[in-house]
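Sequence lines set the chain letters: A, B, ... in the order given, protein chains first and strands last, and positions in each chain run from 1.
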Amino acid sequence: MSQYQAVKGTKDIFPEESAQWKYVESVVHTLASLYGFNEIRIPVFEYTELFQRGIGSTTDIVGKEMFSFQPDPQGRSVTLRPEMTAGVMRAVLQHNLFSSAPVHKLYYIGELFRKERPQAGRQRQFSQFGAELLGVSSPAAVAEVITLMMHVFESLGLKGLKLRINTLGNTEERFRYREALQAYFAPFNEVLDDASKDRLEKNPLRILDSKNPALKELIAGAPRLYDFLNDASLQDFEKVLFYLSERHIPYEIDHRLVRGLDYYCHTAFEVTSSELGAQDAIGGGGRYDSLARELGSSSDVPASGFAVGMERLLITMEKQGLLASLNHPVPLVFVVVQQQELADHALAIAWRLRKAGISTEMDLAARSMKAQMREANRMKAAYALFIGANEYTTGSYSLKNLVSSEQQIFSLEALLEFLHESATKEVVD
RNA sequence: GUGAUUGUAGCUCAGUUGGUUAGAGCGCCAGGUUGUGGCCCUGGAGGCCGGGGGUUCGAGUCCCCUCAUUCACCCCA
């Protein structure tokens with residue numbers, strides 16, 4: 001056990017695994033641009049007030065999960081970003097993007113930080129990719145972000161994911177519903193658990209998705225938000241569902257789905273994976289029209305977005321056997337030196353091969369031929385190129401195929417040509 | 001923040017009712033083959049038995065504390 005270990009809830013990603021990450025990221029980049037989203041990269045920390053205003057001070061994230069610190073004794077408190085949406089909106093408003101175009105479609109991949117107790121599928125540093133469609137209030141906008149998200153899952157080959165969807169209505173509807181809920185739950189105050197009592201005051205909607213089995217019956221009898229929605233809100237939701245059906249995206253309406261963040265309105269959705277254990281949400285999102293105003297914008301900015309947990313996505317892919325064939329790149333050629341007097345010559349050859357675009361490795365530690373061959377084998381190099389006294393004097397090159405064990409002699413030109421062909425063939429395979 | 005769980009070699013794990021120099025498999029290194037890998041054989045390196053304290057003639061083993069891990073609650077990706 002070494003003296004230092006990674007901070008609680010963080011983890012190292014070694015080459016085997018980083019190859020998997022790169023693959024998923026490449027799919028995200030490709031599909032996001034297919035849908036017309038462009039990448040935004042924002043700072044990993046922001047002033048703490050941004051998250052307090054944006055996410056909402058009653059949420060657990062702001063209440064107890066933020067990594068906050070003060071860079072200067074007199075300075076303002078800053079916080080490692082616990083989610084992306086607030087920062088993206090801040091960047092868009094700060095740079096007045098809406099003065100140049102009415103609609104902005106942005107996506108991101110990045111690390112987030114939340115001070116929670118780690119468990120399966122939950123870390124203190126984790127990654128999400130996500131997209132935000134800003135400036136459009138049409139149901140087509142939410143449908144588009146959901147479609148992009150589901151397209152990524154499909155493209156990666158994931159099976160059996162469940163999309164649950166609900167509508168939270170507009171601010172006014174939710175306010176009236178909130179009062180109705182408080183009126184409903186108030187007489188049962190003694191029955192409620194501590195967390196729910198707290199929520200009754202601050203955010204009664206969240207009592208609805210409590211997992212406490214003791215409250216199940218009580219919750220089932222609660223008034224439904226659906227009954228508080230006006231025609232416009234209902235039609236908006238119906239239209240979203242229509243788009244999903246038309247695109248063959250299966251969903252399940254869940255009237256108890258309430259997302260944890262204060263800024264959501266109208267459509268809210270969540271995707272779960274049965275492969276994940278207790279933390280089974282792999283992605284989620286919704287509409288958040290009020291966020292911009294919350295952050296000081298003078299006008300509303302209709303917005304839709306989703307976020308997907310990279311680690312949870314990768315765990316699910318692993319369980320479904322979708323990562324087995326992904327490996328880090330291996331060298332095509334391993335240069336083996338017979339005697340150390342030829343090491344410089346071998347280095348020169350390796351350099352020439354690399355300049356010619358042929359991935360090449362060699363032992364830099366002056367080890368025995370046997371050790372060099374073992375290394376080549378361990379690296380799964382396709383060929384071993386022998387640099388020995390014979391080859392050196394005759395100006396020839398012995399190349400051994402490490403799979404078939406066949407060995408043949410080349411001139412330098414022929415060698416380069418042969419390896420170049422092998423390299424392009426590998427890429428095609 | 002609460003509960004439970006597990007800490008012995010790089011990895012996966014043995015280690016009897018407390019009893020001499022703490023083991024195996026895999027991996028690593030070297031040799032068997034001083035111009036050729038994988039398979040095989042031989043040898044080798046590598047352990048404050050998570051840390052601290054206590055009980056005992058004696059602790060990897062028992063007790064207390066602590067740190068860390070994992071899982072669950074809460075909540076979320």
From [options], nucleotide with atom closest to [X] side chain:
X: A:Gln119; options: B:rC74, B:rG3, B:rU69; answer: B:rC74
X: A:Arg122; options: B:rA68, B:rC74, B:rU36; answer: B:rC74
X: A:Leu402; options: B:rU36, B:rG31, B:rG37; answer: B:rG37
X: A:Lys64; options: B:rC29, B:rC74, B:rA77; answer: B:rC74
X: A:Ala120; options: B:rA77, B:rU2, B:rC71; answer: B:rC71
X: A:Arg378; options: B:rA30, B:rC29, B:rC74; answer: B:rC29
X: A:Ala281; options: B:rC29, B:rA77, B:rG35; answer: B:rA77

Is [X] side chain donor-acceptor paired with the [N] base, going by distance under 3.5 Å alone?
X: A:Asn377; N: B:rG38; answer: no
X: A:Gln407; N: B:rU36; answer: yes
X: A:Gln279; N: B:rA72; answer: no
X: A:Glu65; N: B:rC74; answer: no
X: A:Glu391; N: B:rG35; answer: yes

Using the [atom1] atoms only, state how far [M] lies from [N], rounded to an integer number of Å.
N: B:rG18; M: B:rG54; atom1: C1'; answer: 15 Å
N: B:rU61; M: B:rG19; atom1: C1'; answer: 11 Å
N: B:rA72; M: B:rG47; atom1: C1'; answer: 33 Å
N: B:rA77; M: B:rU16; atom1: P; answer: 47 Å
N: B:rU5; M: B:rC71; atom1: P; answer: 16 Å
N: B:rU36; M: B:rG43; atom1: C1'; answer: 23 Å
N: B:rC49; M: B:rU42; atom1: P; answer: 30 Å

Base partner of B:rU16, which must satisfy Watson-Crick or wobble distances under 3.5 Å: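 Here B:rU16 is not engaged in any pair, so there is no nucleotide opposite it.
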For B:rC26, the Watson-Crick or wobble partner whose two distances fall under 3.5 Å: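 Per the H-bond distance test, B:rG10.
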Any side-chain donor near an acceptor of the partner, A:Tyr288 and A:Glu132, under 3.5 Å: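 A:Glu132 and A:Tyr288 do have a side-chain donor-acceptor pair below 3.5 Å.
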Using a strict cut-off of less than 4.0 Å between a Lys/Arg side-chain nitrogen and an Asp/Glu carboxylate oxygen, indicate whether [X] and [Y] qualify as a salt bridge.
X: A:Asp280; Y: A:Arg312; value: no
X: A:Glu252; Y: A:Arg164; value: no
X: A:Arg122; Y: A:Glu116; value: yes
X: A:Glu39; Y: A:Arg41; value: yes

Of A:Gln339 and A:Ile282, the one whose closest RNA chain B nucleotide lies more 5': A:Gln339
5'-most by nearest nucleotide on RNA chain B - A:Lys370 or A:Asn390: A:Lys370
Sugar-phosphate, base or nothing in reach of A:Glu116, heavy atoms under 4.0 Å: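 Base, at least one base atom sits under 4.0 Å.
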Touch class at under 4.0 angstrom, heavy-atom based, for A:Ala384 against every strand present: nothing
A:Ile409 to A:Ser398 - nearest heavy-atom pair and separation: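 Nearest heavy atoms, A:Ile409 then A:Ser398: CG1-OG, 3.9 Å.
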Over all atoms of both residues, closest heavy-atom pair of A:Ala131 and A:Leu148: CB-CD2, 4.1 Å
A:Gln128 vs B:rA77: side-chain N/O to OP1/OP2 distance below 4.0 Å: no
Per-pair stack call A:Phe386 and B:rG35, 5.5 Å, 30°: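 Not stacked by the 5.5 Å and 30° rule.
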